[in-house]
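Structure first, commentary second.
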Amino acid sequence: MSQTINISEALTLESVSKFINQNQKVTIDQQAYDAIQKCNDFLLQKISVPGSVFYGINTGFGSLCNTQISSGDLVKLQENLLMSHACGMGETVPDTVVKLMLLFKIKSLSLGYSGVKNDTVQRLTDFLNLGLFPLVYKQGSLGASGDLAPLAHLCLPLIGKGKIANKPSLEVLIQNNLAPIVLGPKEGLALINGTQFMTAYGIYSLLLAKKLSRWADRIAALSLEAFDCHSQPFFPQIHEVRKQKGQIDVAKNILEILADSHIMNGEKDSVQDPYSFRCIPQVHGATRDVIEQVEKIFINEINAVTDNPNIFVDDDLIISGGNFHGQVLALHADFLAMGMAELGNISERRIYKLISGERGLPVFLTPNPGLNSGFMIPQYTAASVVSLNKQLCTPASVDSIVSSNGQEDHVSMGANAMLKLIRVVENVRKVLAIELFTACQALEFRDITKSSSASQKLIKTVRKNIPFIKEDREMSGFMKEAEDILNKG
């Protein structure tokens, strides 16, 4: 098992997951060093030509782009940029997301189109490998001109400013025998231009979304047995004629999970099942299709150059463009949020049906309703959470606001889209946990020995810390235990 990740290799969702979960270190090979050096040499040569003017290299920034800066102030210009743009507010970003921000920034700079020094990229790598995570705030990015404020906080410690964890960065640098670096031309701009805050939250959310999508099928299968549902809606014939990949995959998955279920394959008193059970392939499958599409976009982005201007040595060009603009990320973050919210919506409907007193199940899944409220209120909580998700799914990507004196007159709001996305995904985890808790209770009113081996195994896992509820007791702790199962599984 590799303990390192080579920055010259293309990042995938699988490699990023291993990087997070196996605490891998990052290595920079000679190929990357050579590309970085070649670009930096070219940049220094170009700006040495008298009268040359390049945006953000020897000019001001944003609406100050026509203000030329003297050669003696170029280092100060880049340091000022980092300090002036470190305007984040709100809660701090979790270390896992900061870790991804560092990885994706190193990847982008190592491609050799940004003009930075090798020492600068190496220092970012040192931070990552030593577990030195700068203090970054969630609020402050418009998702265009790059994630300016979050990335400024991420990179301030390079010059001995800002904080690492909750300590002054200079103190932490000294403790680790590291000296502050001196920024060269364009380096400050290269560091804070880019989409690494958006992509870090996007990938973090996507990894959790994929896990929850798999869990949704397993938990739904448990609910299908608990509600004594028909198996025919999952037969392959009906899904093959529609030709939607996600739908086909979910139906197949459900049938495999319930293959040995005597409950699902037994005689039924009902003619058909409610949509929240019968249409699991169509709804869960649609979310799978969204996840697959979003993954393509997010993976493209973490392997891309997203700062400005970009330097093309072989073409003898320095081009000021807009690769920092996060519109594609904003749109797909909103898309994924809606897809995941639907997993929560249909899950809550199944919870509602399980406690409704239908199909031989006692009302609110309690042996003595009236004296006991049973599972009445867990459904309230699920309903509250899915309603919050509907509010959070108002798209950020259709919003914009003028900034920088009108120079930056259309922004993506991609950072806000990502912050909403992670809240939606984490909320879906809560709803699925409540369904798991509820479905286990419901299935125990039937003959569990007739349920599938997969369901029996899942119930056994749940019952390690969550009992069958015979009479009213505090439920919140059990709901959290169910969420922990989803976290670990």
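Along the sequence shown, residues carry numbers from 1.
A donor-acceptor distance shorter than 3.5 angstrom exists from the side chain of His230 to the backbone of Ser270, with no hydrogens or angles considered. Although no hydrogens or angles enter the test, the distance criterion places no donor-acceptor pair under 3.5 Å between the side chain of Asn166 and the main chain of Lys163. Counting only distance, with no hydrogens or angles, the side chain of Asn193 and the backbone of Asn308 share a donor-acceptor pair below 3.5 Å. A donor-acceptor contact shorter than 3.5 Å is absent between the side chain of Ser387 and the backbone of Ser384. A donor-acceptor contact shorter than 3.5 Å links the side chain of Glu225 to the backbone of Ser452. In this structure, the side chain of Ser213 does not engage the main chain of Ala209 through any donor-acceptor pair within 3.5 Å. Not a single donor-acceptor pair under 3.5 Å links the side chain of Lys25 to the backbone N or O of Thr4. Looking at Glu358, its side chain never comes within 3.5 Å of a backbone N or O of Lys353 through a donor-acceptor pair. Here the side chain of Asn303 pairs a donor or acceptor atom with the backbone of Leu11 at under 3.5 angstrom. For the pair Gln456 (side chain) and Ser451 (backbone), a donor-acceptor distance under 3.5 Å is present.
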| request: Show the numbers, then the answer: is there a side-chain contact (heavy atoms from CB on, under 4.5 Å) between Ile20 and Leu207? | output: CA-CA 11 Å; Ile20 295 171; Leu207 286 166; 3.9 Å; yes

| Trace of the side chain to side chain donor-acceptor pair (under 3.5 Å) decision for Asp126 with Gln122 | CA-CA 6 Å; Asp126 293 337; Gln122 183 59 56; 3.0 Å; yes

| request: May I have the step-by-step check of side-chain contact (heavy atoms from CB on, under 4.5 Å) for Phe298 and Thr199, ending in yes or no? | output: CA-CA 7 Å; Phe298 285 6; Thr199 51; over 6 Å; no

| Test log, rule side-chain contact (heavy atoms from CB on, under 4.5 Å), inputs Ile36 and Leu109 | CA-CA 7 Å; Ile36 295 166; Leu109 297 178; 5.8 Å; no

| task | Take Lys138 and Thr92 through the side-chain contact (heavy atoms from CB on, under 4.5 Å) test and state the conclusion after the steps. | result | CA-CA 6 Å; Lys138 289 183 178 180; Thr92 55; over 6 Å; no

| message | Is there a side chain to side chain donor-acceptor pair (under 3.5 Å) between Thr195 and Glu301? Walk through the geometry before answering. | response | CA-CA 8 Å; Thr195 60; Glu301 191 77 359; 2.9 Å; yes

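To the nearest 0.5 Å, the span separating CG on Leu102 from CG on Leu151 amounts to 9.5 Å. Put simply, CG on Leu189 and CZ on Phe324 are 9.0 Å apart, with the number rounded to the nearest 0.5 Å. Here the straight-line distance linking atom CG of Leu100 with atom CD of Gln196 works out to 11.5 Å at 0.5 Å rounding. Here the CD1 atom belonging to Ile192 is positioned 10.5 Å from the CG atom belonging to Asp147, to the nearest 0.5 angstrom. Taking CG of Asn253 as the reference point, atom CD of Glu256 lies at 6.0 Å (rounded to 0.5 Å). Atoms CZ and CG, from Phe234 and Leu224 in turn, are 4.5 Å apart once rounded to the nearest 0.5 Å.
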Would you be so kind as to tabulate the donor-acceptor pairs closer than 3.5 Å made by side chains of residues 361-374, with sequence neighbours excluded?
| unit_1 | atom_1 | unit_2 | atom_2 | d |
| --- | --- | --- | --- | --- |
| Asn372 | OD1 | Asp472 | N | 2.9 |
| Asn372 | ND2 | Asn368 | O | 3.3 |

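Cys393 has its side chain out of reach of Lys390: every pair of non-hydrogen atoms, C-beta onward, lies at least 4.5 Å apart. Between Ile302 and Leu103 there is no side-chain heavy-atom pair separated by less than 4.5 Å. Contact annotation: the side chain of Met198 never approaches that of Met101 to less than 4.5 Å [non-hydrogen atoms, C-beta and beyond]. Annotation: side chain of Ser231 is not in contact with side chain of Leu258 (no heavy-atom distance under 4.5 Å). Pro233 places none of its side-chain heavy atoms less than 4.5 Å from the side chain of Ile238. Within the 4.5 Å cutoff, the side chain of Phe197 has heavy atoms near those of the Leu419 side chain. No side-chain heavy atom of Ser276 sits less than 4.5 Å from a side-chain heavy atom of Tyr352. Contact check for Val93 versus Leu154: no side-chain heavy atoms found under the 4.5 Å cut-off.
Ring geometry for His325 versus His410: interplanar angle under 30°, hence parallel rather than tilted (30 to 60°). The aromatic rings of His153 and Tyr137 sit perpendicular, their planes meeting at an angle over 60°, well past the 30° parallel limit.
Other residues, nucleotides and ligands contribute at most 12 non-hydrogen atoms within 6.0 Å of the CD atom of Glu471. Summarising the local packing, NZ of Lys18 is surrounded by 12 or fewer heavy atoms from other residues, nucleotides or ligands at distances under 6.0 Å. Atom OH of Tyr113 sits in a sparse spot, with 12 or fewer heavy atoms from other residues, nucleotides or ligands closer than 6.0 Å.
Note on residues 413-423: pairs passing salt bridge (Lys or Arg N to Asp or Glu O under 4.0 Å), not counting sequence neighbours, are Asp334-Lys420.
Closest of all the heavy-atom pairs between Ile448 and Leu443 is CG1-O, 3.7 Å. The nearest pair of heavy atoms linking Val136 to Pro150 is CG1-O, 3.5 Å. Across all non-hydrogen atoms, the minimal contact from Leu354 to Ala442 is CD2-CB, 4.1 Å. Here the shortest heavy-atom pairing between Leu142 and Val411 reads O-CB, 3.7 Å. In terms of heavy-atom proximity, Ala382 sits nearest to Val431 at O-CG2, 4.1 Å. The nearest pair of heavy atoms linking Leu421 to Ala337 is CD1-N, 3.6 Å.
Ion pairing of Asp228 with Lys268 is present here, as a side-chain N (NZ or NE/NH1/NH2) and a carboxylate O approach within less than 4.0 Å. With respect to Arg359 and Asp273, a salt bridge is recorded, a charged nitrogen being found less than 4.0 Å from a carboxylate O. A salt bridge links Asp249 to Lys245: one of the charged nitrogens lies within less than 4.0 Å of a carboxylate oxygen.
Figure legend: cation-pi geometry between Lys99 and Phe19, with NZ or CZ positioned under 6.0 Å from the six-membered ring centre and within 45° of its axis.
Residues Phe468 and Phe445 place their aromatic rings such that the two centres sit under 6.0 Å apart.
Residues Gln22 and Gln3 have side chains that never bring a donor and an acceptor to within less than 3.5 angstrom of each other.
Exactly one residue among Lys470, Arg463, Lys460 makes a salt bridge (charged side-chain N to carboxylate O under 4.0 Å, His left out) with Glu444. That residue is Arg463.
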